[in-house]
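Working notes for the structure below.
Values reported hereafter were calculated over all heavy atoms of this structure, with side chains retained and with hydrogens, waters and symmetry mates removed. Every number for a ligand or one of its atoms is a count from 1 in the order of the listing.
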Amino acid sequence: MIQINENYQKLQPTYLFVEIGRRVAQFQRNNPDRDVIKLGIGDVTRPLPPTIVSAFSDAVREMGDARSFRGYGPEQGYGFLRDAIAQHDFATRGAEVSADDIFVSDGAKCDSGNFQELFATDITVAVPDPVYPVYVDTNVMAGRTGEAHDGRYRGLTYLPATRENGFVPSPPDTQVDLVYLCFPNNPTGATATREQLAAWVAYARENKALILFDAAYVEFIRDDAIPRSIYEIDGADRVAVEFRSFSKTAGFTGTRCAYTVVPSACTAYTTDGTEVSVRDLWNRRHSTKFNGVSYPVQRAAAAVYTEAGRREITELADYYLGNAAIIRAKMTELGYACTGGDNSPYIWVETGRPSWQFFDLLLEKTGIVTTPGAGFGTCGEGYIRISAFNDREKVEVAMEKIGAAFA
Ligand code: PLP
């Protein structure tokens with residue numbers, strides 16, 4: 001008899017987006033002539049920038065020519081892309097990252113979900129609340145938690161991100177082994193200061209812990225005082241892994257390319273306390289289970305680092321940040337406290353009532369779809385997330401409608 005991994009039985013249904021879809025469908029059935037504007041999703045709407053498309057299509061043509069055809073590439077990614085990443089994403093920020101420590105992949109979702117499998121099942125794990133659900137569910141699947149009760153899994157340490165701590169949790173008083181951090185944050189839009197990240201690095205060093213730092217939204221940071229990489233903090237290379245993605249940065253959600261940095265100094269331990277290189281473990285895992293990102297996609301990603309590519313992706317992020325500014329200004333004007341939307345594409349709005357109630361109210365009054373904060377964790381109750389990933393005209397119309405309905 002083939003038996004299942006019982007841990008999968010503990011997983012809570014992916015209720016959030018299914019339930020949003022159900023309520024929107026119901027609204028549309030009841031109001032067939034009213035427009036719906038979706039500001040709930042985390043997917044981009046703008047096309048790939050021209051320099052990237054051109055590199056992409058040139059590489060496709062290379063693949064169609066016997067003289068330049070390529071088969072399997074290196075599992076870790078082509079040197080041309082890893083070198084460009086090391087130079088432009090890190091060296092220019094004063095963070096030393098070797099190209100050898102960069103692992104190109106097809107998504108930060110898979111990498112941030114898969115990384116935990118390098119570690120023992122009985123390690124302790126801390127996640128922010130609210131949280132990007134992948135960090136939680138993959139640890140549930142791996143058997144690191146008990147059952148869920150009232151929206152929280154037993155055995156996980158939740159780090160509340162609240163108005164009081166500016167949505168940036170401090171290290172806990174207790175000892176944890178693996179910590180997930182994400183800045184700029186999904187869903188709260190909060191960013192962490194150098195001092196806040198330094199406190200986490202110090203905590204990890206003291207506790208021989210590891211930080212999994214998700215920087216998928218780094219391209220939206222405009223304030224130069226905010227660190228873009230955890231490796232801007234001294235000593236982070238010993239205790240932190242960083243996930244990056246071209247998805248939101250360059251419109252690659254459907255093209256798929258990301259990378260993970262695992263510095264060679266980063267260590268974990270055997271049961272007898274012997275140091276082991278996390279980089280070597282990940283390299284082994286990556287080359288066993290992954291066969292590399294397609295050559296044209298890596299060429300397209302490398303074009304991000306050309307002068308024209310940089311300019312175009314900055315314009316792309318500026319476009320969404322322009323939307324975010326419009327959203328934030330309107331919600332603030334209406335008296336709602338907002339976080340994010342300045343160095344992040346998400347605006348986290350304190351609604352003064354239960355998340356789903358506010359979601360329904362907005363939908364009924366204006367036809368605008370947001371994401372109820374409660375769907376991201378207990379501490380998200382009372383908030384909604386508004387996403388800036390949409391067309392400018394739609395955002396403007398949406399905010400006019402909200403202004404008229406809530407003034
Ligand atoms: N990390 C965070 C925090 C995200 O919000 C997302 C996507 O929404 C991802 C990772 C996924 O990135 P990718 O498209 O590279 O898999």
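Among protein heavy atoms, atom 9 (C) of ligand 1 sits closest to Y132 OH, 3.2 Å. The nearest protein atom to atom 7 (C) of ligand 1, hydrogens excluded, is given as K248 NZ, 3.2 Å; this is a heavy-atom distance.
Remark: D129 engages R152 in a salt bridge, criterion side-chain N to carboxylate O under 4.0 Å.
Every atom of ligand 1 is numbered from 1 in the order shown, and the set under 4.0 Å from a heavy atom of D214 is 1 (N), 2 (C), 3 (C), 10 (C). Against a heavy-atom cut-off of under 4.0 Å, C182 is close to the following atoms of ligand 1: 3 (C). Close contacts between ligand 1 and G107 involve ligand atoms 15 (O), 16 (O) [criterion: under 4.0 Å to a heavy atom]. Annotation for ligand 1: atoms under 4.0 Å from non-hydrogen atoms of S247 are 13 (P), 14 (O), 15 (O). Annotation for ligand 1: atoms under 4.0 Å from non-hydrogen atoms of S245 are 12 (O), 13 (P), 15 (O).
The N/O atoms of D106, backbone and side chain alike, include none that comes under 3.5 Å of an N/O atom in ligand 1. When only interatomic distances are considered, the shortest N/O to N/O separation between K109 and ligand 1 falls below 3.5 Å. Residue-to-ligand polar distances keep A258 apart from ligand 1: every N/O pair is separated by 3.5 Å or more.
With a 6.0 Å cutoff to the six-membered ring centre and a 45° limit on the axis angle, R70 counts as a cation-pi contact of Y78.
Within the structure, ligand 1 lacks F246 among the residues with a heavy atom less than 4.0 angstrom away.
Side-chain N or O atoms of N185 include one that pairs as donor or acceptor with a backbone N or O of T188 at under 3.5 Å. Side-chain atoms of S112 come within 3.5 Å of backbone N or O of A108 as a donor-acceptor pair. Formation of a donor-acceptor pair under 3.5 Å by the H88 side chain with backbone atoms of D83 is not found in this model. Looking at D280, its side chain never comes within 3.5 Å of a backbone N or O of S277 through a donor-acceptor pair.
Every residue meeting the salt bridge (Lys or Arg N to Asp or Glu O under 4.0 Å) condition with K330, not counting sequence neighbours, appears here in chain and number order: E333. A search for ring-ring contact (aromatic ring centres under 6.0 Å, His included) contacts involving F183 returns nothing, not counting sequence neighbours.
Neither the backbone nor the side chain of F243 comes within 4.0 Å of ligand 1, counting heavy atoms alone.
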